[in-house]
Protein chains: 2
Amino acid sequence: MWGLSLQVSLQALKAFESAARQGSFKLAAEELSLTPTAISHHISNLESRLNVNLFHRLGRRISLTGTGIRLAKATSDGFRKIDSALEEVMKAGSSVRVTTTSSFAAMVLIPSQHEFEQANPDISMEISTGESVDSQSYIIPIRFGDVSVAEDADVIKSESFNVFGTYGMAPPSWSNEPITLFTTEWKNQSLPAPPLAAWLEKNGLDGSNIKLKKFDQELFGIQQAMTENGLVFCSTTLSKRLLKSNLLQQFETRSVKSDLCYYVPNKHSFETRSAIRFLNWIEYMLNQ
Amino acid sequence: MWGLSLQVSLQALKAFESAARQGSFKLAAEELSLTPTAISHHISNLESRLNVNLFHRLGRRISLTGTGIRLAKATSDGFRKIDSALEEVMKAGSSVRVTTTSSFAAMVLIPSQHEFEQANPDISMEISTGESVDSQSYIIPIRFGDVSVAEDADVIKSESFNVFGTYGMAPPSWSNEPITLFTTEWKNQSLPAPPLAAWLEKNGLDGSNIKLKKFDQELFGIQQAMTENGLVFCSTTLSKRLLKSNLLQQFETRSVKSDLCYYVPNKHSFETRSAIRFLNWIEYMLNQ
DNA sequence: TAGTTTAGATGATTTAAACTCATCTACAAG
DNA sequence: CTTGTAGATGAGTTTAAATCATCTAAACTA
């Protein structure tokens with residue numbers, strides 16, 4: 001590429017293209033935030049360099065010559081293609097677009113969005129929910145899944161589970177009385193279930209007095225526990241902020257690890273600086 | 001066009017595109033006649049401006065990121081389109097390409113090509129023969145035709161005809177002896193015939209002793225006249241240089257105007273400076 | 001393995017392109 | 001006829017682009 005045309009000024013071509021498209025040096029100057037003088041100089045220099053006339057000058061009106069028309073079309077097409085790609089890249093470079101589960105969005109992302117944006121005033125965060133594979137290259141999907149399925153490098157949080165209750169309620173008598181426990185049954189049946197059995201064993205409980213009430217989103221179980229002064233078995237990730245806010249409390253029970261995790265498929269492919277900063281931030285926040 | 005990307009340096013994009021396409025800052029520097037330092041600065045500045053990483057740096061090797069790949073494709077496509085158009089325009093700006101009849105090429109253009117190029121050292125002339133309509137925008141067709149068909153502004157020479165003989169031969173006795181006269185019968189039957197009748201009348205000759213020998217190109221008649229020490233009835237344009245070179249001579253006969261002419265269809269559409277200079281030169285040369 | 005070569009990174013300085021300012025012309029508008 | 005305005009041009013200023021000098025670290029070679 002760039003044989004004879006190596007020395008042709010791209011700035012001049014840009015000025016020419018704008019003037020050609022709008023039929024006016026003045027309007028070109030406005031579009032490019034220059035003076036009409038600059039446009040005039042660029043075009044004259046370009047005409048000398050190329051040894052052609054690109055415009056007819058009719059008093060103070062201009063019109064394109066045949067050569068000018070042909071060059072204008074090519075430069076318009078070429079610059080439009082470049083400009084579109086730049087817009088896409090720049091948009092990606094100044095915002096973080098994340099899609100995730102409703103529970104993660106509600107319990108983690110949305111509550112901490114402000115914190116992220118304050119720490120990164122040059123980046124805006126856009127959150128959506130949904131599980132479809134998004135074809136746009138710049139949307140970061142935070143998925144909930146089986147740790148044995150996700151690539152190690154993609155996992156941002158391995159989930160632990162515990163029982164939590166409304167703030168202020170008396171610790172339950174695990175052995176003596178019937179207990180209602182809210183929990184989750186995932187719509188996606190291929191996912192490992194919440195590790196309630198492992199939790200019972202770890203805490204030396206036989207669970208025969210526990211009545212389970214299941215929802216299809218962790219969010220609903222948590223909300224119901226808070227509303228009904230009850231108990232919920234859910235992830236420590238989702239309950240973390242609620243603990244801090246004294247909306248939920250934890251008892252003497254110990255949390256258990258699970259085979260469930262949050263992960264970002266092909267995490268390494270998100271290479272914009274804002275994506276990298278976001279991913280570093282979310283991973284640190286989840287695991288500190 | 002040019003929203004957020006107005007301030008992005010096109011020089012930097014050019015450097016990036018070259019480095020991306022060749023996988024090397026060093027090769028990009030060579031292609032663009034810059035130092036590798038300049039390329040490195042351009043790319044770093046571009047990455048800062050766009051807030052993305054375009055290359056992975058692996059020691060002293062580089063490879064494109066996903067974003068880099070996408071931007072590289074768009075900029076390659078865009079710049080290629082621009083470069084192709086520039087090449088075409090610059091070629092047109094530094095050469096004159098003419099297509100014309102064999103006779104006009106042989107008798108006028110080729111003999112004076114050197115004169116034109118010496119007067120215009122920055123322009124090269126390329127001559128071809130043929131009558132097909134050429135779709136390329138920058139080839140100037142000099143056509144031979146009927147003056148009533150051509151646009152006035154397109155006519156570069158209105159033809160006159162006369163009889164010429166080999167240099168040194170005795171003037172013919174128009175009334176006493178049989179005369180062989182070479183002339184032309186155009187392949188294109190729609191053209192007016194050479195105005196022999198009008199010439200006879202203007203010169204007070206009845207022509208009953210003249211035997212015509214016809215060729216389908218004026219060039220052939222002229223050559224035959226010189227070869228056989230004979231007479232040819234042809235255009236003053238084609239014979240002009242031969243007269244000056246004492247290869248042909250004119251007698252006391254008077255030339256006659258004709259309805260034939262040389263013309264350039266859509267002459268005004270040739271707007272490169274070299275085309276304009278050529279057309280001005282040829283018109284002056286033919287009519288002085 | 002040690003020495004040499006080489007591609008890219010970085011900061012400082014220099015150069016040249018790009019830009020504005022001031023003034024002008026000539027046409028359009030009132 | 002006067003005023004307004006788009007483009008042209010030369011001079012001066014500013015800034016982007018380039019080079020220079022030096023560095024690092026990886027690749028290559030003996």
Inset, instruction - Answer yes if the side chains of A:E159 and A:S258 hold a donor-acceptor pair under 3.5 Å, and no otherwise. - result: no
Inset, instruction - Whole angstrom is fine here: how far is it from CG in A:L46 over to P in D:dG7? - result: 16 Å
Legend entry - Option among A:Q288, A:K157, A:K267 that satisfies the side-chain hydrogen bond (donor to acceptor under 3.5 Å, both in side chains) test with A:E283: A:K267
Legend entry - Whole-Å distance separating the CD1 atom of B:I43 from the C1' atom of C:dA9: 12 Å
Inset, instruction - Encode nucleotides 17-30 of chain C as B, S and - characters from 5' to 3', where the letter depends on protein heavy atoms closer than 4.0 Å: B to the base, S only to sugar-phosphate, - to neither. - result: -SSBBB----BS--
Inset, instruction - Please determine, by modelled atom types, if B:S5 and A:D83 share a side-chain donor-acceptor pair under 3.5 angstrom. - result: yes
Inset, instruction - Quickly work out the A:F55 CZ to D:dG7 P distance and round it to whole Å. - result: 9 Å
Inset, instruction - Could you tell me if the ring centre of B:Y262 sits under 6.0 Å from that of B:F104? - result: yes
Inset, instruction - Answer yes or no for A:R70 and B:Y138: cation-pi contact, defined as NZ/CZ to six-membered ring centre under 6.0 Å and angle to ring axis within 45°. - result: yes
Inset, instruction - Give the rounded distance in Å between these two atoms: NE2 of B:H56 and C1' of D:dA26. - result: 18 Å
Inset, instruction - Mind checking the CE-CD spacing from B:M1 to A:Q22? Nearest 0.5 Å is all I need. - result: 9.0 Å
Inset, instruction - With sequence neighbours left out, write down each residue that passes side-chain hydrogen bond (donor to acceptor under 3.5 Å, both in side chains) with B:S160, or none if nothing qualifies. - result: none
Legend entry - Rounded interatomic separation in angstrom, taking CD from A:E30 and P from D:dT5: 13 Å
Legend entry - Whole-Å distance separating the CD atom of A:Q22 from the C1' atom of D:dA6: 14 Å
Legend entry - Rounded distance in Å - CD1 (B:I62) to C1' (D:dA26): 15 Å
Inset, instruction - Please determine if a side-chain N or O atom of A:S40 lies less than 4.0 Å away from the OP1 or OP2 oxygen of D:dA8. - result: yes
Inset, instruction - Using the side-chain contact (heavy atoms from CB on, under 4.5 Å) rule, pick out the option among A:V96, A:N120, A:T272 that qualifies with A:R277. - result: A:N120
Legend entry - Protein-nucleotide distance (B:N45, atom CG; D:dA17, atom P), rounded to Å: 8 Å
Legend entry - Five-pair end axes of the helix from C:dT1-D:dA30 to C:dG30-D:dC1 and the angle they enclose, rounded to 10°: 40°
Inset, instruction - Test B:D77 against every option in B:R80, B:K73, B:K81 by the salt bridge (Lys or Arg N to Asp or Glu O under 4.0 Å) rule and name the one that passes. - result: B:K73
